[in-house]
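Keep in mind the model is a prediction, meaning the values are calculated, not measured. If you read the sequence from its start, that first residue is 1, and numbering goes on from there.
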Amino acid sequence: MPDLPEAMSSPCVGVCSTTYGDLVCRGCHRFAHEVAQWNGYEPAQQVVVLERLADLRAGAASRHLSPERIDQLAAMAASVRLRRIEGWSAPRIAYEVLRRLSAWRQAPPWLAGDEDGVAQARNLLERVEKEIRQRSEAHYEHSFRIAAH
């Protein structure tokens, strides 16, 4: 295992819904117990959570983006100041680039000339985010819920 930092930064995006009773946060997609216990986790535990979230993002991006669009977005990593991406998959990079483009109100290359390209890109990101949340909720249900008899 590689050397890990003393503490990893939180994946929190400031839109926590676990305080309202959600078992999976609608912002960062961590489980409620992971949000509550994050600062007490060992770095190796944090890495496991971060890797699961990265896999969820890459999987959802792959479902909503063609391989060509994934490649287009991945090629833009430097232009959106995405750093330290060695070892990341192209779909993971594509998700992060799409997220940044949306936050900066910029359209991806295939929508650049379209007058509502930014809105279409945001809609696409919302669909990807919805799938990430659904996948995370399914993982939670599978791993932690006890079936009622």
Side-chain angles (χ1 to χ4, degrees), residues 1-5 7-36 38 41 43-145:
M1 177 174 272
D3 290 333
L4 299 172
M8 313 231 18
S9 63
S10 170
C12 179
V13 296
V15 187
C16 191
S17 65
T18 60
T19 57
Y20 302 110
D22 285 348
L23 295 174
V24 175
C25 179
R26 292 176 183 263
C28 68
H29 307 111
R30 286 179 294 164
F31 306 143
H33 66 272
E34 293 169 337
V35 171
W38 185 259
Y41 279 9
Q45 292 172 297
Q46 292 175 344
V47 166
V48 169
V49 173
L50 293 172
E51 286 175 352
R52 185 189 78 242
L53 296 173
D55 289 346
L56 289 170
R57 291 177 186 130
S62 292
R63 250 191 51 67
H64 291 274
L65 294 164
S66 68
E68 295 79 19
R69 289 187 176 168
I70 287 172
D71 290 343
Q72 282 179 308
L73 289 170
M76 297 178 66
S79 68
V80 298
R81 298 189 286 262
L82 195 56
R83 294 176 175 57
R84 295 187 297 258
I85 59 173
E86 299 81 24
W88 286 21
S89 68
R92 180 178 177 189
I93 296 169
Y95 166 79
E96 293 297 336
V97 170
L98 182 63
R99 193 176 60 77
R100 287 186 183 199
L101 288 174
S102 181
W104 296 347
R105 293 182 170 85
Q106 295 178 8
W110 65 90
L111 295 172
D114 194 325
E115 75 178 44
D116 66 329
V118 172
Q120 290 180 50
R122 283 192 169 192
N123 185 276
L124 171 60
L125 181 62
E126 286 174 10
R127 291 192 317 268
V128 172
E129 289 282 337
K130 181 179 179 181
E131 177 150 342
I132 294 168
R133 187 172 52 253
Q134 289 171 336
R135 288 174 178 232
S136 193
E137 289 171 350
H139 183 83
Y140 183 88
E141 291 288 327
H142 175 75
S143 301
F144 298 104
R145 285 285 187 157

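- Atoms CZ and SG, on Arg133 and Cys28 in that order, are 12.0 Å from each other to the nearest 0.5 Å.
- A 4.5 Å side-chain heavy-atom check between Met76 and Arg100 finds every atom pair outside the cut-off.
- Two residues are said to be in side-chain contact when any heavy atoms from C-beta on lie closer than 4.5 Å; Cys25 and Glu34 fail this criterion.
- In this structure, Arg135 contributes its side chain and Asp55 its backbone to no donor-acceptor pair below 3.5 Å.
- The closest donor-acceptor contact from the side chain of Ser89 to the backbone of Arg92 lies under 3.5 Å.
- Here the NE2 atom belonging to His64 is positioned 12.0 Å from the CD atom belonging to Glu126, to the nearest 0.5 angstrom.
- Using a 4.5 Å cut-off on side-chain heavy atoms (C-beta onward), Leu101 and Leu73 make contact.
- A search for salt bridge (charged side-chain N to carboxylate O under 4.0 Å, His left out) contacts involving Arg127 returns nothing, not counting sequence neighbours.
- Under the side chain to side chain contact (heavy atoms under 4.5 Å, CB included) criterion, Ala32 pairs with Thr18, not counting sequence neighbours.
- Smallest separation of non-hydrogen atoms from Ile85 and Ala77: CD1-CB, 3.7 Å.
- Nearest heavy atom pair, residue Pro11 against residue Trp38, reads CD-CZ2, 3.6 Å.
- Summarising the geometry, atom CG belonging to Leu56 is positioned 9.5 Å from atom CD belonging to Glu131; distances are rounded to the nearest 0.5 Å.
- A side-chain donor-acceptor contact under 3.5 Å links Arg122 to the backbone of Ser102.
- For the pair Gln120/Leu124, no side-chain contact is recorded, criterion being any heavy-atom separation below 4.5 Å from C-beta on.
- In this structure Arg26 satisfies the salt bridge (charged side-chain N to carboxylate O under 4.0 Å, His left out) test together with Asp22, sequence neighbours excluded.
- Listed by chain and residue number, Tyr140, Arg145 satisfy the side chain to side chain contact (heavy atoms under 4.5 Å, CB included) test with Leu23 (two or more places apart in sequence, or in another chain).
- Among pairs with a residue in residues 117-139, those fulfilling ring-ring contact (aromatic ring centres under 6.0 Å, His included) read Phe31-His139, at least two apart in sequence or across chains.
- Residue pairs meeting the ring-ring contact (aromatic ring centres under 6.0 Å, His included) criterion with at least one member in residues 94-129: none, sequence neighbours excluded.
- Between the side chain of Ser62 and the backbone N or O of Ala58 there is at least one donor-acceptor pair closer than 3.5 Å.
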